Amino acid sequence: MTFDLSHPAHVDELVARTTQFINDVVLPIEEEFGGDVEAAGGDTLRKDLQQQAKAAGVFAPHAPTALGGHGLGMVDRAPVFEAAGYSLFGPMALNIAAPDEGNLHLLAEVASPEQRERFLDPLARGTYRSAFAMTEPAPGAGSDPAALTTRATRVDGGWRIEGHKWFITGADGADFFIVMARTSGEPGGAGGATMFLMHASTPGIEVGRHISTLDRSMLGGHCEVRFEGAFVPDDGVLGGVDEGFRYAQVRLGPARMTHVMRWLGSAQRAQDIALQHVAHREAFGAPLSELGMIQQQIADNEIDLAASRALLLRACWKLDRGEHASSSTSIAKTFASEAIYRVVDRSVQMCGGLGVSDDLPLARLLREVRPFRIYDGASEVHRWSVARRAVRAQQKRLQP
Ligand SMILES: Cc1cc2nc3c(=O)[nH]c(=O)nc-3n(C[C@H](O)[C@H](O)[C@H](O)COP(=O)(O)OP(=O)(O)OC[C@H]3O[C@@H](n4cnc5c(N)ncnc54)[C@H](O)[C@@H]3O)c2cc1C
């Protein structure tokens, strides 16, 4: 197995252009509004920044070139997404924010030609915004997707959806939803889920409250959404009926990795701010950076960043080769989501009182990265599946 960790010149150039765009255009707006995307203008800001990103040649690094993107694979996306993630508003500006970016990948893999035209094309160009509706309040789907309770009932010409979702990122203002609903079987059973593409204007879809969470940078909130007899015609079925759980895996592996890429940008920014602070702040007759316990925190941050990038690239390399990368993406997601939090937390500590104040962006970054240990599979769920795979692999090796 050979790993080539270099990126082609056009990727390095895109990283440099993205960094400049983020520094010159995006970071000042994030700073002005304290990272609160709705206060900064919400969808109006998104459209404005995306126009500027297009003009700067940094828009949609992940989207197919035929749809106006740069067509980068997973390995090449990593440094570009990280550069965008240096600002909390950067991913939105480049059209690579969750959940749109993961939905784009899913549609590119699974959608019919007609669905691509209706949903993928406008999503890739930033005309549409989308949401992915899977999670439900107890006793419904959460860590265990098999608990899915939202039902799709067969009717003439299509399906009627009944159910209650929550924590649906971007739901308020989304143009369409990808909805997971049960088309067969009972909650708790394997299989029986189908994905549906539904315009947000469909009668019977009701977007409710924004659930107030630690973070503030994701457009359209994390909302409750009710489906009350919402009709979706047969051409709204994404892929095959009862294939939803399989397609969820198509979306989730890469989506976990792109979250790692973006949040690595935040972690690197936190470390840069801390480095700047400890180089200039003096205590006990010397800069803080010369004190051993500060050096340990700086070094631990460097180690966490480097290890996260290495695990990320290993998983991306497998995904680019079309390999089944579930274990690698679980390992990378679990390690990186925890390492990124540690990096930001140490950076707060190194900056003392300023670290927890709003004079620096560190407290904001800490709030933003914390939920990543829960969504896209909580750390415990990934550890559970990594352990089960390891045991199975060992049993297989021991079989005569
Ligand atoms: C900010 C944010 C954005 C989100 N966006 C979306 C979205 O756009 N669309 C969407 O569908 N969902 C979204 N979610 C929901 C997210 O996917 C779920 O919160 C996550 O899957 C966990 O489900 P749950 O909250 O029901 O927790 P539960 O399933 O109730 O689990 C609670 C805790 O139990 C523990 N646990 C679970 N299983 C195991 C196990 N096997 N072993 C040991 N411990 C375990 C874990 O610590 C877990 O955190 C979002 C969540 C957040 C916080």
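Counting starts at 1 for both ligands and their atoms, in listed order. Since this is a predicted model, take the numbers as computed values, not measurements.
Within the 4.0 angstrom cut-off, atom 15 (C) of ligand 1 has one or more protein heavy-atom neighbours. There is no protein heavy atom closer than 4.0 angstrom to atom 34 (O) of ligand 1. Inside a 4.0 Å radius of atom 38 (N) of ligand 1 there is at least one protein heavy atom.
When the heavy atoms of E380, E368, E136, M134 are ranked by distance to atom 46 (C) of ligand 1, first place goes to E380. Nearest-residue assignment for atom 48 (C) of ligand 1 (options A174, S385, A378; heavy-atom criterion): A378. When the options F167, F177, Y375, W166 are ranked by their closest heavy atom to atom 7 (C) of ligand 1, first place goes to F167. Summarising the contacts of atom 31 (O) of ligand 1 with S379, S143, G220, the nearest heavy atom is found in S143.
The side-chain tip of R182 does not point at the ring of F245 from less than 6.0 angstrom away and within 45° of straight on. Within the cation-pi definition used here (under 6.0 Å to the ring centroid, within 45° of the axis), K165 does not qualify as a partner of F177.
Ranking the protein heavy atoms by distance from atom 17 (O) of ligand 1 puts T135 OG1, 3.5 Å first. Ranking protein heavy atoms by distance to atom 8 (O) of ligand 1, first place goes to T169 N, 3.0 Å. Nearest non-hydrogen protein atom to atom 26 (O) of ligand 1 is G142 CA, 3.4 Å. For atom 9 (N) of ligand 1, the nearest protein heavy atom (residue, atom name, distance) is F132 O, 2.8 Å. Counting only heavy atoms of the protein, atom 19 (O) of ligand 1 lies nearest to I374 CG2, 3.8 Å.
If you look at W384 next to ligand 1, the close heavy atoms, those under 4.0 Å, all belong to the side chain.
The salt bridge (charged side-chain N to carboxylate O under 4.0 Å, His left out) check on R246 picks up E243, with sequence neighbours excluded.
Using a 30° and 60° split on the angle between ring planes, H259 and Y375 fall in the tilted class, from 30° to 60°.
Proximity of a side-chain donor or acceptor of T202 to a complementary backbone N or O of I205 within less than 3.5 Å is not detected. Under a 3.5 Å cut-off, the side chain of E136 and the backbone N or O of A141 do form a donor-acceptor pair. Side-chain N or O atoms of E162 include one that pairs as donor or acceptor with a backbone N or O of G229 at under 3.5 Å.
Ring pair H199/F119: centre-to-centre distance below 6.0 Å.
Applying the salt bridge (charged side-chain N to carboxylate O under 4.0 Å, His left out) definition to pairs two or more places apart or across chains, none involves residues 389-400.
Each of the atoms 37 (C), 38 (N), 39 (C) of ligand 1 lies under 4.0 Å from some heavy atom of V381.
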